[in-house]
Number of protein chains: 2
Amino acid sequence: MSTIRDVAKLAKVSVATVSRVINESGYVNVKTKQKVEEVIEELDYRPNDVARSLFKGKSKMIALFVPDIMNPFFPELARAVEDITNKHGYTFILCNTDNDNKKEMAYMNALLQKSIDGMILVSNTMTASQIKDTKVPIISLDRKTRSDLISVTVNNREGARQAVGYMKELGCKRIAHIAGPDSASSARSRMEGYLNEVQEEKWFSNSFIRAGNYSIDEAYKVTKTLLKDNPNIDGIFVANDLMAVGVLKAAASLKIKVPDELSVISFDGIKLGETTSPALTTMAQPIYHIGKRAAEILLEKIEKPGTVIQSEEHQVQLIIRESTREKRLKE
Amino acid sequence: MSTIRDVAKLAKVSVATVSRVINESGYVNVKTKQKVEEVIEELDYRPNDVARSLFKGKSKMIALFVPDIMNPFFPELARAVEDITNKHGYTFILCNTDNDNKKEMAYMNALLQKSIDGMILVSNTMTASQIKDTKVPIISLDRKTRSDLISVTVNNREGARQAVGYMKELGCKRIAHIAGPDSASSARSRMEGYLNEVQEEKWFSNSFIRAGNYSIDEAYKVTKTLLKDNPNIDGIFVANDLMAVGVLKAAASLKIKVPDELSVISFDGIKLGETTSPALTTMAQPIYHIGKRAAEILLEKIEKPGTVIQSEEHQVQLIIRESTREKRLKE
DNA sequence: TTGTAGGCGTTATCAC
DNA sequence: GTGATAACGCCTACAA
């Protein structure tokens, strides 16, 4: 690799001049500029980003923290963030945290040592004190952390409400809820929305709520007992699509027909929900879009430190597929 | 952020000494070491990795190139690579290339400027000349590139053969193939395996082969015409699980029952295949394992430049689920 | 056992 | 317009 000095020597100018042409900063004579560019071409010179970073204290890298990229909700988010950061000339770093605060902090410190320019967090465990003395821009995505971070989220509560409302319209009389992990703000909000819609009903009972953890297997298990304990349930609002897959499996194993005997609606709108059978009716998040917005906001904060930015809450949208159906009233 | 100089000053030693204790290199008196460590603690000093990188010419970062992380085959691979590199103290960079050679080269150059230590490529388009003058270790994963890169792959041809062989055992008499993109070595090998097993059969016809591109939608389209043109087909070997989802949809839309009237077997063993209905019979790759191995080999090459390493080909395994069934012979 | 000093490749601030 | 040169923070000969 040739350095700026090599270029300078060959072009018979100083490194300062070379620096000026590659950065298009300051004055430089047209002819010398030309000469320098020729030499750069000839030597196939590329500036060393590490040296640049050292000088500037910035690395042109941003990181995304997700619990686990193998959870199908996150690839789309990651893709969005990568696309945007890449377009702005930043390098994208992916960190799987397994919701483990230790891991999160380890990553964070490692990245800080690398002069990371900003981070986007999908996290429940990060506390305010852990990030308070960090001066690099950080924003929260999909969830709200226990801190005052700017966040890009979705109207979980209202979306949940609409989902449950839709099931009521369909004629469901006993609607259960498979909840997400209580540690996730999104899960708590969805539960709230469910309760808002259902708490006043005379049929409602706390036993209609079962705790899942946003994973298929756990949802399968709890749904099975739920349905055994309460055979009269005719609708389930599931806190995310992934768990709904488990719910579908549980229903199938109990020979309960979806949607004929049981309507299932969930949340997220991941691709996976289109391929199940029946395909999932769901409240779809604009996943790519919120990832995009998070990245855009972060870059804004990085590149113009002065500007104030605001949290954003985006809208979800009901997508009706095959797992819900209007109940036929007995005549 | 305090620097090594701050530590030195406060500990009343030279920076060299501080450097020695943080790197555990060279001699340093027990008492001074203690003193230095106290100060490090007190100042919460962390060495600046950028400065280190500049000096060493290494960044402790490795990158993984995949076509698109939204394709469900790749998250598991990415997770494996991230886990291993992270365990070794490296930072993980993810690059989505969309199989676009321009993008690949742009990423590559950008990363080289950042003193990347190594790269793992899932790529078809990278040619030998494009990487020949790169001295950082690169290895190929899942596919073989048009170059002499060390690769970690799976026995695609033999696996395909076994898959088709299995369908024959089930009694299938007309087995079609939905192929992957010809640009991918994995797709070509699977096609070969299919042909090996089928070419000699008197029923075989080239029209039993349709070109897909490893995506659901295209597979759906081509399968529909395939099945319309050849209603006597009773088995399909699909080049990957994702396309098999499209195949299942196509069959459903044609009211063809899987597996009763049509057996479907595919390749990859991604989680998605468990959630379809019917669940996919497939030749499963040890996805996480090959990602892990690729990372391990790469790190080996990075940390001990001398050692010679070899390409690896791992075994696939038949997983029988619901999309295949023995044909009942007419009595 | 410890310290001094040069260098990794850039950029930016001065002079000229 | 251009050129020295001092940082950026760290590491490692080489001296002492």
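Proteins come first, then strands; the chains are lettered A, B, ... in the order of their sequence lines, and each starts at number 1.
Under 3.5 Å, the side chains of B:E312 and B:T153 contain no donor-acceptor pair of N or O atoms.
Distance from the side chain of A:K56 is smallest to C:dA12 among C:dA12, D:dT2, D:dC10. Counting only heavy atoms from C-beta on, B:R20 has its side chain closest to D:dC14 among C:dT10, D:dC14, D:dC10. Minimum atom distance to the side chain of A:P47 is reached by C:dT10, of the listed D:dG9, C:dT10, D:dA4. Listed nucleotides: D:dG1, C:dT4, C:dT10. Nearest to the side chain of A:T3: C:dT10. Here C:dG9 is the nucleotide among D:dC10, D:dG3, C:dG9 with the atom lying nearest to any side-chain atom of B:L54. Among C:dT1, C:dG9, D:dT2, the nucleotide with an atom closest to any side-chain atom of B:N29 is C:dT1.
With contacts defined as side-chain heavy-atom distances shorter than 4.5 Å, the pair B:Q285/B:F73 qualifies.
If you measure from atom CZ of A:R5 to atom C1' of C:dT11, you get 12 Å, rounded to the nearest angstrom. In this structure, B:Y27 places its OH atom 17 Å from C1' of C:dG3, rounding to the nearest Å. Spacing between atom NZ of B:K58 and atom P of D:dC11 amounts to 15 Å, rounded to whole angstrom units. Atom CG in A:N48 sits about 13 Å away from atom C1' in C:dT11, given to the nearest Å. Taking atom NZ of residue B:K12 and atom P of nucleotide C:dG3, one finds them 12 Å apart after rounding to whole Å. At whole-Å resolution of the value, CE in A:M1 and P in C:dT10 are 9 Å apart. Here D:dG3 presents its P atom at 12 Å from CD1 of A:I4, a figure rounded to the nearest Å. The interatomic distance linking A:D6 (CG) with C:dC8 (P) rounds to 10 Å, in whole Å.
Distances shorter than 4.0 Å separate some side-chain N or O of B:Y45 from OP1 or OP2 on D:dC10. Put simply, B:T17 has no side-chain N or O that comes within less than 4.0 Å of OP1 or OP2 on C:dT2. Under 4.0 angstrom from either OP1 or OP2 of C:dT2 there lies at least one side-chain N or O belonging to B:T32. Phosphate proximity of C:dT11 to A:R52: present, with a side-chain N or O under 4.0 Å from OP1 or OP2. For C:dT10, the OP1/OP2 oxygens have no side-chain nitrogen or oxygen of A:N23 closer than 4.0 Å.
When atom types are taken as modelled, the side chain of B:S311 and the backbone of B:S151 share a donor-acceptor pair closer than 3.5 angstrom. Side-chain atoms of B:N23 do not come within 3.5 Å of backbone N or O of B:S25 as any donor-acceptor pair.
Of the residues near DNA chain C, A:A16 and B:F55, the one whose nearest nucleotide (by heavy atom distance) lies more toward the 5' end is B:F55.
Put simply, the side chain of B:R46 and the base of D:dG9 share no donor and acceptor less than 3.5 Å apart.
Residue B:S19 is in base contact, counting any heavy-atom pair closer than 4.0 Å across all strands shown. Residue contacts shown for A:V13 are limited to sugar-phosphate atoms, with no base heavy atom under 4.0 Å away.
Surrounding NZ of A:K144 are at most 12 heavy atoms belonging to other residues, nucleotides or ligands under 6.0 Å away.
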Q: Please assess A:M61 against B:K114 for the test side-chain contact (heavy atoms from CB on, under 4.5 Å), listing each intermediate value before the final yes or no.
A: CA-CA 10 Å; A:M61 302 192 301; B:K114 283 186 155 23; 3.6 Å; yes

